Every structure is written in C-alpha cells, then in structure tokens.
Enquirer: 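Please read through the structure below; I'll follow up with questions.
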Number of protein chains: 2
Amino acid sequence: MARKAGSVGEETAERVRLAALKLFAGKGYAAVSMREIAAGVGLQAGALYNHFPTKQAILADLMVAHMEALIAAWEVESRKFATPVAALEGFVRFHIRYHLSRGDEVFISYMELRNLEPENFVRIEGLRKYYEGFLRKILQAGAASGSFSIADVPVAAMALIAMLTGLNTWFRAGGRLSVDEVEEIYVKMALGSVMPGGIMQGSSDGAARGLTAAGS
Amino acid sequence: MARKAGSVGEETAERVRLAALKLFAGKGYAAVSMREIAAGVGLQAGALYNHFPTKQAILADLMVAHMEALIAAWEVESRKFATPVAALEGFVRFHIRYHLSRGDEVFISYMELRNLEPENFVRIEGLRKYYEGFLRKILQAGAASGSFSIADVPVAAMALIAMLTGLNTWFRAGGRLSVDEVEEIYVKMALGSVMPGGIMQGSSDGAARGLTAAGS
DNA sequence: TGACAAAATGAACGAACATTCATTTAATTA
DNA sequence: TAATTAAATGAATGTTCGTTCATTTTGTCA
C-alpha cells in the first residue's frame with residue numbers, strides 16, 4: 001500500500017461537490033455537463049470518474065448530505081425547547097436561518113428530485129419526510145395540549161413548511177429587509193396561523209399564549 | 001391565397017402545446033426532446049417547426065398563456081368581494097382551486113423559469129409580479145382599515161403565496177382529504193396569520209373580524 | 001531509490017440533441 | 001381542374017453529451 005487512500009482524493013472530491021453544487025443550482029442539473037464541472041475544478045472530465053461513478057451520483061451525494069446535515073442540525077437545536085409554542089417558534093427560526101444560509105443546497109434538493117433514479121429519489125424523499133415529521137410532532141403536541149388550534153396536523157405542517165421554504169425563492173441578502181426582520185415576521189405569521197386567539201395578546205378562551213409572555 | 005392560414009395548423013399547434021405540457025411537467029424541459037414532443041402528436045420532429053420557431057418558444061408560450069389566464073380569472077373573480085377580509089378569503093379559495101386544477105401549468109411555470117432566455121424570463125416574471133400585486137393590494141387595504149395586523153405587506157404576500165402554492169407539491173386528488181377540506185384549512189391558516197385576534201372569535205382590541213361574522 | 005497505486009490526461013466511443021431543408025402530400029380556392 | 005400553399009416528411013447538419021480506457025504523471029511508503 002503506497003499512497004494513503006483518499007489523501008488528495010477526498011480533497012478533490014470535495015472541490016468537485018462544490019463546483020457541481022454551484023453549477024447545478026445556477027443552471028439546473030440537466031443543463032450542466034461533466035466537462036463544465038471538471039473545468040470548475042481544473043480537471044479533465046475523465047478525472048471526475050475517479051471520485052464519482054456517474055453524474056447522477058454527484059447530485060445524489062449533494063442531496064443526501066444536505067438532508068442529513070439539516071436533520072442533524074435540528075436534532076441538536078430542538079433540545080432547547082420545552083413547550084410546543086417555544087418549539088414551533090424555534091423551528092421557524094431554525095428553518096429560516098438554516099435554509100437561507102444554504103440556498104444552493106436547498107434549491108437543488110427541491111428542484112432536481114425528478115432527475116434522480118428511483119432508488120435515490122426514494123432515499124431523499126424519505127429524509128425529507130423525516131424532517132417534516134419534526135414539525136408534525138410539534139404541532140401534534142401543541143394541538144393535544146390546547147396551545148394550538150389545528151384542523152389537520154399533517155396539512156398544517158405542509159402549509160407551514162411551504163411558507164418558510166418559499167423564503168428562498170425571493171429573499172436576497174442586502175435587500176430592503178434583514179434576515180432577522182423577515183424571521184420576526186414569519187414567526188408572527190406562523191404562530192398566528194395555528195394559535196387560536198392570535199399571538200400578541202391573550203384571548204378569552206385562555207388557550208392562547210403571547211409569544212413574549214411568560215406563561216408556558 | 002389557398003388554404004385558410006392556420007385552419008388545421010392551429011389545431012395541430014394546440015396538440016403540440018398539450019403534449020409538450022405533459023412532457024415538460026413530467027420530466028422537465030431540459031430532459032424532453034423535440035422528437036418526444038413530436039411523437040406525442042404523431043409527427044416527425046421537423047414538423048414542429050411549422051408551428052413554433054424553437055423548443056423554448058413552446059415553453060414560453062405555455063407559461064405566458066398560463067399566467068395571463070390566471071390573471072384574467074382573478075380579475076373576474078375579484079369583483080365579488082367588498083371587504084379586505086372577504087377578498088383575502090376569496091383569494092385563498094381562488095388560488096387554491098385554480099392552481100390545483102392546472103397542476104402541470106403551475107409546475108412548469110415555477111420550475112422551468114431558469115430555462116428561459118432573458119427576454120422571456122422578464123416577461124413571465126413580470127406577469128407573476130402582477131399577480132402577486134393583487135394579494136398585496138388586498139393586504140394593504142386590510143392593514144389600512146385595521147382588519148389585518150401585518151408587519152410588512154410585501155413579505156406577508158410572499159409568505160401566503162408560497163403557503164398556498166405549496167399545496168401543489170403534495171396534494172393529490174383521491175387522497176385522505178378533498179379539495180374542499182384543504183381549502184377550509186388553508187383559509188383558516190391564512191386568515192389567522194394576518195388577523196390580529198385570530199379568526200374564530202372577536203378579541204378585545206376590536207379590530208379583528210370573525211370570518212363568519214357580519215361586521216365589515 | 002524503486003515499487004506501487006492513486007490520480008489525471010486526452011483521445012475516443014456511440015448516442016442523442018435542436019435545427020435545417022429539399023421534397024412530397026394534401027387541403028383549399030379561383 | 002389547376003394553381004397555390006400550408007403542413008408534413010425524412011434525411012442530414014454539426015454539436016454536445018456521459019462515459020470509457022490506455023497511458024502518463026505524481027505522491028507515498030518500503
């Protein structure tokens with residue numbers, strides 16, 4: 001055994017991932033050639049096959065890594081929250097910040113699903129469902145405790161996720177609003193959409209909690 | 001002048017649009033060949049160029065037609081509503097029903113923007129902004145009259161549109177819920193996200209209107 | 001230093017691509 | 001019927017694609 005396996009190799013593979021990520025996000029998977037990816041790393045196309053067996057394997061690698069990192073990040077973050085209301089607020093803030101900080105990964109993970117072979121598709125889709133399950137659990141707990149008024153938990157979860165992820169399609173840093181500002185707006189809207197009496201003041205049924213109020 | 005121009009031609013062009021719509025929605029614009037589209041109509045690829053100058057022109061044609069039909073449909077529907085609250089509820093119901101009934105058109109109009117040349121992109125994007133303007137105007141009116149509590153109208157409009165359009169990514173007819181049922185859920189969530197005291201009961205500040213209450 | 005293997009080259013493969021075009025077919029009107 | 005022309009054919013254009021592979025380069029360890 002001569003050269004330590006993967007010493008330079010893994011470094012190059014990482015640069016391939018980075019170049020492919022930028023290109024896929026910018027032009028779409030189908031519109032990017034292996035020659036373009038190779039040029040982005042300073043290689044010939046053939047050399048890519050020392051690191052990835054096919055073009056699609058690069059895409060699947062990026063998607064799986066993104067979803068697994070997202071899930072792991074929330075699993076750490078979620079420990080901070082004791083009540084369903086706090087957890088929902090925390091989820092909204094986490095989702096927005098994480099997704100806005102990984103625009104390219106989010107973009108390809110939502111747009112290029114159709115370019116995956118069935119095996120890869122099922123895997124990515126499973127990871128996505130798993131992540132959505134975190135929000136469903138929060139909503140379910142809040143509905144059970146009376147903190148939330150939710151007609152259908154799975155539907156509410158999908159509606160909220162779509163609302164949050166939609167941020168990626170229009171928000172651009174350096175625009176009129178900062179991330180912190182839109183985060184506050186989205187927290188207010190998300191909580192308002194599932195809390196029985198609004199979020200900024202108590203209401204007569206006693207179930208609603210103010211966002212900044214102390215009552216658990 | 002012999003054959004009336006476009007007699008059989010427009011009929012064929014329409015079949016080309018239909019075949020291209022299905023294929024683009026199913027596999028993505030970049031993954032569909034002119035030969036596939038032609039086969040879907042029962043023609044050779046060359047014949048398509050009697051009806052559309054390029055492959056992209058077919059895509060742009062589909063997108064423009066969709067956006068213009070959407071705008072025209074809302075311009076008719078919107079006349080029914082007298083108050084901001086009624087208009088928002090009406091917009092939510094309209095958007096959901098219209099988008100769910102044109103799944104393929106919606107899908108390509110959101111997914112294939114990047115495959116448009118700048119000229120076509122600007123045109124479609126302009127139509128989209130114009131449609132989003134309808135919701136912004138509703139929210140602005142409601143914020144001005146005190147019916148809504150909205151920190152930032154453009155942001156709230158984008159959040160709501162994303163929430164509503166997200167339905168297309170997961171809702172399938174024949175599933176656990178009917179269109180009517182999800183429509184009700186989304187109405188409740190959308191109104192709750194922008195109304196100061198929740199939607200099902202009045203609140204102490206007097207600004208909130210119940211969805212089913214008579215108050216303007 | 002020499003052996004070894006990872007990593008990269010550069011040419012080549014067949015296939016598929018959008019588009020063009022000379023030609024044929026067929027529907028319509030004068 | 002004859003003239004006209006829209007519509008379709010089918011072959012061909014040149015280009016680009018993902019992938020393969022024999023060969024060369026390069027870094028590492030014995």
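Just so you know, these numbers use all the heavy atoms, side chains as well, and skip hydrogens, waters and symmetry mates. Every value quoted in this text rests on a predicted model; they were computed, and no experiment measured them. So that the names make sense, note that chain A is the first sequence line, chain B the second, and so on, each numbered from 1.
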Enquirer: For DNA chain D, which residues in residues 57-65 of chain B have a heavy atom at a distance below 4.0 Å?
Expert: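 Listed by number, there are none.
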Enquirer: Write down the distance between CG (A:Leu43) and P (C:dA6), rounded to a whole number of angstrom.
Expert: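 Rounding to the nearest Å, CG of A:Leu43 and P of C:dA6 are 17 Å apart.
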Enquirer: Could you work out, with side-chain hydrogen bond (donor to acceptor under 3.5 Å, both in side chains) as the rule, every residue matching B:Glu125, not counting sequence neighbours?
Expert: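 In terms of side-chain hydrogen bond (donor to acceptor under 3.5 Å, both in side chains), with neighbours along the sequence ignored, B:Glu125 is linked to no residue.
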Enquirer: Can you name the side chain to side chain contact (heavy atoms under 4.5 Å, CB included) partners of B:Phe81, sequence neighbours left out?
Expert: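 Expected list: B:Trp74, B:Glu77, B:Ala86, B:Ala87.
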Enquirer: From CZ of B:Phe52 over to C1' of D:dA8, roughly how many Å is that when rounded to an integer?
Expert: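 After rounding, the gap between these two atoms is 16 Å.
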Enquirer: Measure CG/B:Asn115 against P/C:dA18 and give the value in whole Å, please.
Expert: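 In whole Å, C:dA18 P lies 12 Å from B:Asn115 CG.
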Enquirer: Go through the structure and list residues passing side chain to side chain contact (heavy atoms under 4.5 Å, CB included) with A:Ala144, not counting sequence neighbours.
Expert: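 None.
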Enquirer: Just to verify, what does B:Arg176 make a side-chain hydrogen bond (donor to acceptor under 3.5 Å, both in side chains) with, not counting sequence neighbours?
Expert: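 Listed in chain order: A:Asp152.
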Enquirer: Apply side-chain hydrogen bond (donor to acceptor under 3.5 Å, both in side chains) to A:Gln44 and list each qualifying residue two or more places apart in sequence or on a separate chain.
Expert: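 Per chain and number, A:Gln44 pairs via side-chain hydrogen bond (donor to acceptor under 3.5 Å, both in side chains) with no residue.
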Enquirer: Would A:Arg128 count as a cation-pi partner of A:Tyr110, with NZ or CZ less than 6.0 Å from the six-membered ring centre and within 45° of the ring normal?
Expert: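 Positive - A:Arg128 is close enough to the ring of A:Tyr110 and near enough to its axis.
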Enquirer: Among all residues two or more places apart in sequence or in another chain, which pass the ring-ring contact (aromatic ring centres under 6.0 Å, His included) test with A:Tyr49?
Expert: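 Expected list: none.
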Enquirer: Quick one: salt bridge (charged side-chain N to carboxylate O under 4.0 Å, His left out) partners of B:Lys22, sequence neighbours excluded?
Expert: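 B:Lys22 satisfies salt bridge (charged side-chain N to carboxylate O under 4.0 Å, His left out) with B:Asp104 only.
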Enquirer: Round to the nearest Å and state the distance from A:Gln44 atom CD to D:dT26 atom C1'.
Expert: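 The answer, rounded to whole Å, is 17 Å.
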Enquirer: Any side-chain N or O of A:His51 under 4.0 Å from OP1/OP2 of C:dA6?
Expert: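 For A:His51, the contact criterion (side-chain N or O under 4.0 Å from OP1 or OP2 of C:dA6) is not met.
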Enquirer: Just jot down the ring-ring contact (aromatic ring centres under 6.0 Å, His included) partners of B:Tyr130, sequence neighbours excluded, or say none.
Expert: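 Result, ring-ring contact (aromatic ring centres under 6.0 Å, His included) vs B:Tyr130: B:Phe134.
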Enquirer: Taking N or O atoms only and anything under 3.5 Å, show me the protein contacts with nucleotides 19-22 of chain D, one pair per line.
Expert:
from: D:dT19; atom 1: OP2; to: A:Tyr49; atom 2: OH; distance (Å): 2.7
from: D:dT19; atom 1: OP2; to: A:Lys55; atom 2: N; distance (Å): 2.9
from: D:dT19; atom 1: O5'; to: A:Tyr49; atom 2: OH; distance (Å): 3.2

Enquirer: Should B:Thr12 be listed as having a side-chain N or O under 4.0 Å from OP1 or OP2 of D:dA7?
Expert: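 Checking B:Thr12 against D:dA7: no side-chain N or O falls below 4.0 Å of OP1 or OP2.
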Enquirer: Could you list the residues that satisfy salt bridge (charged side-chain N to carboxylate O under 4.0 Å, His left out) with A:Arg15, not counting sequence neighbours?
Expert: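 Salt bridge (charged side-chain N to carboxylate O under 4.0 Å, His left out) list for A:Arg15, sorted by chain: empty.
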Enquirer: In whole Å, I'd like the distance from the CD atom of A:Glu11 to the P atom of D:dG27.
Expert: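 To the nearest whole Å, that distance equals 12 Å.
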Enquirer: Which ones in residues 24-33 of chain B lie close to DNA chain C, meaning a heavy atom under 4.0 Å from one of its atoms?
Expert: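 Hits under 4.0 Å, by residue number: B:Val32, B:Ser33.
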Enquirer: Please determine whether any donor N or O and acceptor N or O are separated by less than 3.5 Å between the side chain of B:Asn50 and the base of D:dA8.
Expert: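 Such a pair exists between side chain and base.
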Enquirer: Please report, rounded to the nearest Å, how far the P atom of D:dC17 is from the CD atom of A:Glu36.
Expert: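 After rounding, the gap between these two atoms is 6 Å.
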Enquirer: Check this for me, if you would: do A:Lys188 and A:Glu183 make a salt bridge, where the nitrogen-to-carboxylate-oxygen distance has to be below 4.0 angstrom?
Expert: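 Not counted as a salt bridge, because no side-chain N and carboxylate O are separated by less than 4.0 Å.
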Enquirer: Tell me: CD1 of A:Ile37 to P of D:dG18, nearest whole Å?
Expert: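 Between P of D:dG18 and CD1 of A:Ile37: 7 Å.
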